[in-house]
Amino acid sequence: MKTFQCHCKNQPTLFFESNHCIACDRTVGTDDEFNQVEPYNLDEESGQFFKAAQPEIRYQKCDNNAQFKACNGMVNLNTFVPVADKDEVLCFACRFNETIPDLTIADHIPLWKKMEKAKRRALYTLNALPVPLLNMSQDPENGLSFDFITDRNVNDHFVSKLTHHEIVFTGHDCGHITINLAEADDVARSNTKMAMGEHYRTLLGHFRHELGHYYFDQLIANSPKKHALCKQYFGDDELDYQKAMDQHYEKGAPENWHETFISEYATMHPYEDWAETWAHYMHIIDTLETAQNFSITGSTSGNAVDNEEVGELQLPQDQYYFSVQTPIADILDAWMDFSVILNSLNRSMGLDDAYPFVLTQSVRTKLSFIHHAIHNRLNQLPVLVVETKNK
């Protein structure tokens, strides 16, 4: 994630979640382009906002921004035509929401804001990539939507069940992603993490994993040729899912799972292998963009103070960063270097490794498939040699 700058005299840094400039106190936010955070001037007479370079285009704060500061979205008043006597009041990111938590319960609000923060970061990366990103209003058949709901009591960190509420499972179904609000509660998520024996469990990771399922349908499932190729890399996804899940939770992952999978959960079924690998690809490119933004080196050799040859990560720093023009091998090599630095920084603070995973050659091959699938260049993948044993 990049940082941004206000246009005022001191040009202070703006972050992706910023909603005002700390120097000039102007409102800042994102419009429907959803690619930068920028300042807006206020027309006090009308109460509307405008960008200095385009004063004729007027904006208002997204309702979720104005009422709850759950986002920093701005709604372009010149774009939307009233439908059924009702103007558009939600920003680009909030229009993907089908259901939000019950906000009459005050303790739901800060957790919902965490959900929105993670969702917007996930959408930002997708918006920079050449993949479809439409909400249900734009594409009722193939669009994307979110439900943020719960079946448990927030007052005891989601331990006790709520009466007359159906069980809520985090998951994906035909473009509709449901995430239990409990995942935004640090205590509840930590308890689940311990119970599941996971090394890594984050709210952003949930979004990216479930979005991986969505994009399997969008990029792979509808093309017999791509689907057949995908099975060579991830396995036969037509295997019985319920049976695979039951076996996974009964027996656990194979002892040698780390040789060919990015995580233990990825071993359960080819669908989960794809979704886990997709999520890691998103983690990698987003974190590398952040490292580049702050000019953090990817070199782990030598003393950076004395070594004049130490430079920035060797990845493009302009709008082509997310392009297929950047070879996946270069991205993964840079990531392996930087993840060592990232984990070392965490250890210096007494924290667990930020990235407790190993990218074996098999995992790199799967990440390569994800990279080429996103950029619709699967025809440029090297031929995958599948070894078979004689019976």
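All values below were derived from every heavy atom in this structure, side-chain atoms included, with hydrogens, water molecules and symmetry-related copies excluded. Keep in mind the model is a prediction, meaning the values are calculated, not measured. All residue numbers in this chain count up from 1 along the given sequence.
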Subject >> Steps toward ring pair (Phe, Tyr, Trp, His ring centres under 6.0 Å) verdict (F261, Y265) >> reply: CA-CA 9 Å; F261 296 92; Y265 191 70; over 10 Å; no
**OP:** For the pair E17 and R121, evaluate salt bridge (charged side-chain N to carboxylate O under 4.0 Å, His left out) and give the outcome as yes or no after the intermediate values.
**Re:** CA-CA 9 Å; E17 292 82 11; R121 279 189 168 251; 2.8 Å; yes
Subject >> Residues V154, L111; criterion side chain to side chain contact (heavy atoms under 4.5 Å, CB included); working and verdict >> reply: CA-CA 10 Å; V154 65; L111 300 180; 3.8 Å; yes
Subject >> Step-by-step side chain to side chain contact (heavy atoms under 4.5 Å, CB included) determination, T30 to M74 >> reply: CA-CA 6 Å; T30 59; M74 304 295 289; over 6 Å; no
Subject >> Candidate pair T3 and L14, rule side chain to side chain contact (heavy atoms under 4.5 Å, CB included), full reasoning >> reply: CA-CA 6 Å; T3 54; L14 303 176; over 6 Å; no
Original post:
Hey, mind stepping through Y59 and F50 against ring pair (Phe, Tyr, Trp, His ring centres under 6.0 Å) and telling me if it holds?
Top reply: CA-CA 6 Å; Y59 296 82; F50 61 93; 9.4 Å; no
**OP:** Begin from the C-alpha positions of D151 and K161 and carry the test salt bridge (charged side-chain N to carboxylate O under 4.0 Å, His left out) through to its verdict.
**Re:** CA-CA 6 Å; D151 56 347; K161 294 182 179 179; over 6 Å; no
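Closest of all the heavy-atom pairs between C91 and C62 is N-SG, 3.4 Å. Taking each heavy atom of L126 and M282 in turn, the nearest pair found is CD2-CE, 4.0 Å. V37 and F15 get closest at one heavy-atom pair: CG2-O, 3.8 Å. Nearest heavy atom pair, residue E33 against residue N127, reads O-ND2, 2.9 Å. Here the closest non-hydrogen pair linking A244 and M268 is CB-O, 3.3 Å. Closest heavy-atom contact between I370 and W278: CG2-CE3, 3.9 Å.
Judged by distance alone, the side chains of R26 and N41 do bring a donor and an acceptor atom under 3.5 Å apart. Between the side chains of R208 and H283, at least one donor N or O sits under 3.5 Å from an acceptor N or O. The closest side-chain donor-acceptor pair between H176 and E98, if any, does not fall under 3.5 angstrom. No hydrogens or angles considered: nothing links the side chains of H269 and D237 as a donor-acceptor pair under 3.5 Å. Under 3.5 Å, the side chains of E116 and N97 contain a donor-acceptor pair of N or O atoms. Looking only at atom types and distance, the side chain of E289 has no donor-acceptor partner in the side chain of N293 under 3.5 Å away. Residues S46 and D43 bring a donor and an acceptor atom of their side chains to less than 3.5 Å of each other. Side-chain contact, N376 with K226: a donor N or O sits under 3.5 Å from an acceptor N or O. Side-chain atoms of H157 and D185 form a donor-acceptor pair, as typed in the model, at a separation below 3.5 Å. At a cut-off of 3.5 Å, with distance as the only test, a side-chain donor of Y241 or E272 sits close to an acceptor on the other residue. For the residue pair T170/N180, the side-chain donor-acceptor check at 3.5 Å is not satisfied. For the 3.5 Å distance criterion, the side chains of S263 and E276 qualify, holding a donor opposite an acceptor.
Side chain of N78 to main chain of R58: a donor-acceptor pair is present (N/O by atom type, distance under 3.5 Å, no hydrogens or angles). Distance alone, capped at 3.5 Å, places no donor-acceptor pair between the Q36 side chain and the E38 backbone. Panel note: side chain S223, backbone I220; no donor-acceptor pair is recorded below 3.5 Å. Of the possible donor and acceptor atoms, none in the side chain of N10 sits under 3.5 Å from a partner among the backbone N and O of P12. Remark: the backbone N or O of H20 is not paired with any side-chain donor or acceptor of S18 at under 3.5 angstrom. Under the 3.5 Å distance criterion, the side-chain polar atoms of N343 are matched with a main-chain donor or acceptor of Y355. The backbone N or O of I284 sits nowhere less than 3.5 Å from a side-chain atom of T287 that would complete a donor-acceptor pair. The main-chain N or O of T163 is found under 3.5 Å from a side-chain atom of H165 such that the two form a donor-acceptor pair. When atom types are taken as modelled, the side chain of N256 and the backbone of E259 share no donor-acceptor pair closer than 3.5 angstrom.
Note on D353 versus R347: salt bridge recorded, some NZ/NE/NH1/NH2 to OD/OE distance being below 4.0 Å. Electrostatic pairing of K2 and D286 does not count as a salt bridge here, judged by no charged N lying under 4.0 Å from a carboxylate O. Under the 4.0 Å criterion applied to side-chain N and carboxylate O atoms, D186 and R189 are assigned as salt-bridge partners. Under the 4.0 Å criterion applied to side-chain N and carboxylate O atoms, R95 and D32 are assigned as salt-bridge partners. Taking the charged nitrogens against the carboxylate oxygens, K114 and E183 have no contact shorter than 4.0 Å, which rules out a salt bridge.
Residue I22 qualifies as open at atom CD1: its count of foreign heavy atoms under 6.0 Å is 12 or below. Counting heavy atoms of neighbouring residues, nucleotides and ligands inside a 6.0 Å radius, atom CD of Q67 exceeds 12 of them. Counting heavy atoms of neighbouring residues, nucleotides and ligands inside a 6.0 Å radius, atom CG of L351 exceeds 12 of them. In the displayed structure, E166 atom CD is contacted under 6.0 Å by at most 12 heavy atoms of other residues, nucleotides or ligands. Heavy atoms of other residues, nucleotides or ligands lying less than 6.0 angstrom from CD of Q361 number more than 12. The environment of D352 atom CG is sparse: at most 12 non-hydrogen atoms of other residues, nucleotides or ligands sit within 6.0 angstrom. Around atom NZ of K113, more than 12 heavy atoms belonging to other residues, nucleotides or ligands sit under 6.0 Å away.
In summary, the aromatic rings of Y124 and F16 are positioned with their centroids under 6.0 Å apart. Ring centroids of Y215 and W274 are separated by 6.0 Å or more, keeping the two rings apart.
The cationic group of K119 does not satisfy the cation-pi geometry with F148, failing either the under 6.0 Å distance to the six-membered ring centre or the 45° limit from the ring axis.
Note on L77 and Y40: separate hydrophobic clusters, where clusters join Ile, Leu, Val, Met, Phe, Trp and Tyr whose side-chain heavy atoms are under 4.5 Å apart, directly or indirectly. Put simply, I149 and L144 are part of two different groups of oily side chains (I, L, V, M, F, W, Y) that touch within less than 4.5 Å, one to the next. By the criterion of side-chain heavy atoms lying less than 4.5 angstrom apart, applied directly or through intervening Ile, Leu, Val, Met, Phe, Trp or Tyr residues, F34 is grouped together with M115 in one hydrophobic cluster. In the hydrophobic clustering of ILVMFWY residues, with side-chain heavy atoms under 4.5 Å counting as a link, F49 and I57 come out together. Under the 4.5 Å side-chain heavy-atom criterion for Ile, Leu, Val, Met, Phe, Trp and Tyr, I100 and L162 are members of distinct hydrophobic clusters.
Side-chain contact between T27 and N19 is absent, with no heavy-atom pair separated by less than 4.5 Å. A heavy-atom distance below 4.5 Å is not found between the side chains of C24 and P39.
Relative ring orientation between H213 and H172 is described as parallel, the plane-to-plane angle staying below 30° on a 0-90° scale split at 30° and 60°.
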